[in-house]
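The analysis underlying the following values was restricted to heavy atoms, covering all of them including side chains, and did not include hydrogens, waters or symmetry mates.
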Amino acid sequence: QLQLVESGGGLVQPGGSLRLSCAASGFTLDYYAIGWFRRVPGKEREGVSCISRSGGNTNYADSVKGRFTISRDNAKNTVYLQMNSLKPEDTAVYYCAAAAGSRWNRCPLWGDFASWGQGTQVTVSA
């Protein structure tokens with residue numbers, strides 16, 4: 001059974017850094033593109049970043065470009081989201097999700113992601 005588990009969230013001051021992890025079990029990670037999303041209460045879920053199956057294609061939301069970096073280690077069945085220069089507006093629950101059947105070297109559309117994890121809270125506050 002496909003399962004994704006996020007970790008690494010927490011409380012950090014503005015300007016600080018966190019690294020989120022998305023650990024996969026029940027499937028071979030390189031069969032799937034992986035996306036990171038976030039949700040703030042009262043707002044729609046936002047696509048933050050994605051990485052293709054090969055790791056060779058990545059996309060970022062404009063709001064995080066230059067600050068966040070997505071990477072994957074297929075041998076460890078884990079995808080990471082390095083978040084630097086965090087801002088209060090980055091506060092949200094962060095989720096990872098998998099997209100099956102995607103092209104080897106292309107991120108799929110945000111709507112193609114499914115198989116969500118349970119989320120990890122990131123709070124950026126002084």
Side-chain angles (χ1 to χ4, degrees):
Q1 181 178 355
L2 188 154
Q3 186 175 13
L4 296 169
V5 178
E6 302 93 337
S7 62
L11 173 64
V12 63
Q13 292 186 343
S17 298
L18 285 173
R19 188 177 79 158
L20 305 184
S21 297
C22 173
S25 62
F27 64 101
T28 302
L29 190 64
D30 59 6
Y31 288 169
Y32 297 82
I34 300 295
W36 281 99
F37 297 76
R38 64 188 182 187
R39 174 172 275 162
V40 176
K43 294 187 177 181
E44 290 191 1
R45 184 176 59 210
E46 174 189 20
V48 174
S49 182
C50 72
I51 187 165
S52 64
R53 292 169 58 200
S54 69
N57 178 241
T58 57
N59 286 340
Y60 297 93
D62 288 343
S63 57
V64 306
K65 279 181 181 177
R67 300 187 298 122
F68 290 12
T69 303
I70 191 171
S71 61
R72 66 189 295 154
D73 186 338
N74 287 342
K76 294 183 178 180
N77 250 24
T78 302
V79 172
Y80 305 98
L81 185 69
Q82 178 66 43
M83 307 187 296
N84 298 329
S85 302
L86 283 162
K87 305 175 181 180
E89 51 263 44
D90 294 319
T91 296
V93 178
Y94 284 72
Y95 302 86
C96 61
S102 62
R103 294 172 64 179
W104 176 245
N105 202 34
R106 179 71 64 187
C107 275
L109 300 175
W110 294 124
D112 290 341
F113 286 92
S115 305
W116 300 90
Q118 84 290 347
T120 186
Q121 176 71 47
V122 171
T123 302
V124 185
S125 175

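The heavy-atom pair separating C107 from T58 by the smallest distance is SG-CA, 4.2 Å. What you find for R53 and Y32 is that their closest heavy atoms are CG-C, 3.4 Å. Of all non-hydrogen atoms in G117 and Y95, the two that sit nearest each other are O-CD2, 3.6 Å. Shortest non-hydrogen contact noted between N84 and S17 is OD1-OG, 2.9 Å.
The CG atom of D30 sits 10.0 Å away from the OG atom of S54 when rounded to the nearest 0.5 Å. Taken from CG in L18 to CE in M83, the straight-line distance is 4.5 Å, to the nearest 0.5 Å.
A donor-acceptor pair under 3.5 Å is formed between the side chain of R72 and the backbone N or O of S52. Counting only distance, with no hydrogens or angles, the side chain of R19 and the backbone of Q82 share no donor-acceptor pair below 3.5 Å. For R67 (side chain) and S85 (main-chain N/O), a donor-acceptor pair under 3.5 Å exists by modelled atom type. Side-chain N or O atoms of Q118 include one that pairs as donor or acceptor with a backbone N or O of E6 at under 3.5 Å. The backbone N or O of V124 sits less than 3.5 Å from a side-chain atom of T91, completing a donor-acceptor pair. A donor-acceptor pair is defined here as one N or O able to donate and one able to accept, closer than 3.5 Å; no such pair exists between the side chain of N59 and the backbone of L109. Although no hydrogens or angles enter the test, the distance criterion places no donor-acceptor pair under 3.5 Å between the side chain of N74 and the main chain of L29.
Annotation: side chain of T120 is not in contact with side chain of S7 (no heavy-atom distance under 4.5 Å). The shortest distance between side-chain heavy atoms of D112 and S102 does not fall below 4.5 Å. Considering only heavy atoms from C-beta on, R38 comes within 4.5 Å of V64 through its side chain. C96 has its side chain out of reach of F113: every pair of non-hydrogen atoms, C-beta onward, lies at least 4.5 Å apart. Looking only at side-chain heavy atoms (C-beta outward), S63 and E46 come within less than 4.5 Å of each other.
With 3.5 Å as the limit, one finds no donor-acceptor pair spanning the side chains of T123 and S125.
In this structure, L2 is a member of the same hydrophobic cluster as I51, with clusters built from ILVMFWY side-chain heavy atoms closer than 4.5 Å. In the hydrophobic clustering of ILVMFWY residues, with side-chain heavy atoms under 4.5 Å counting as a link, V79 and F27 come out together. Hydrophobic clustering (side-chain heavy atoms under 4.5 Å, transitive across Ile, Leu, Val, Met, Phe, Trp, Tyr) keeps V93 apart from L81. Linking ILVMFWY residues whenever their side-chain heavy atoms come closer than 4.5 Å, directly or via other members, leaves W110 and I34 in distinct clusters.
When each of L20, D73, I70 is checked for a side chain to side chain contact (heavy atoms under 4.5 Å, CB included) with Y80, only D73 meets the rule.
By the 4.0 Å N-to-carboxylate-O rule, D62 lies close enough to K65 to be salt-bridged with it.
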**Request:** I would like to know whether F68 and W36 meet ring-ring contact (aromatic ring centres under 6.0 Å, His included); could you show each step before the answer?
**Result:** CA-CA 11 Å; F68 290 12; W36 281 99; 9.8 Å; no
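Annotation for Y31: atom OH does not count as buried by contact number, only 12 or fewer foreign heavy atoms lying within 6.0 Å.
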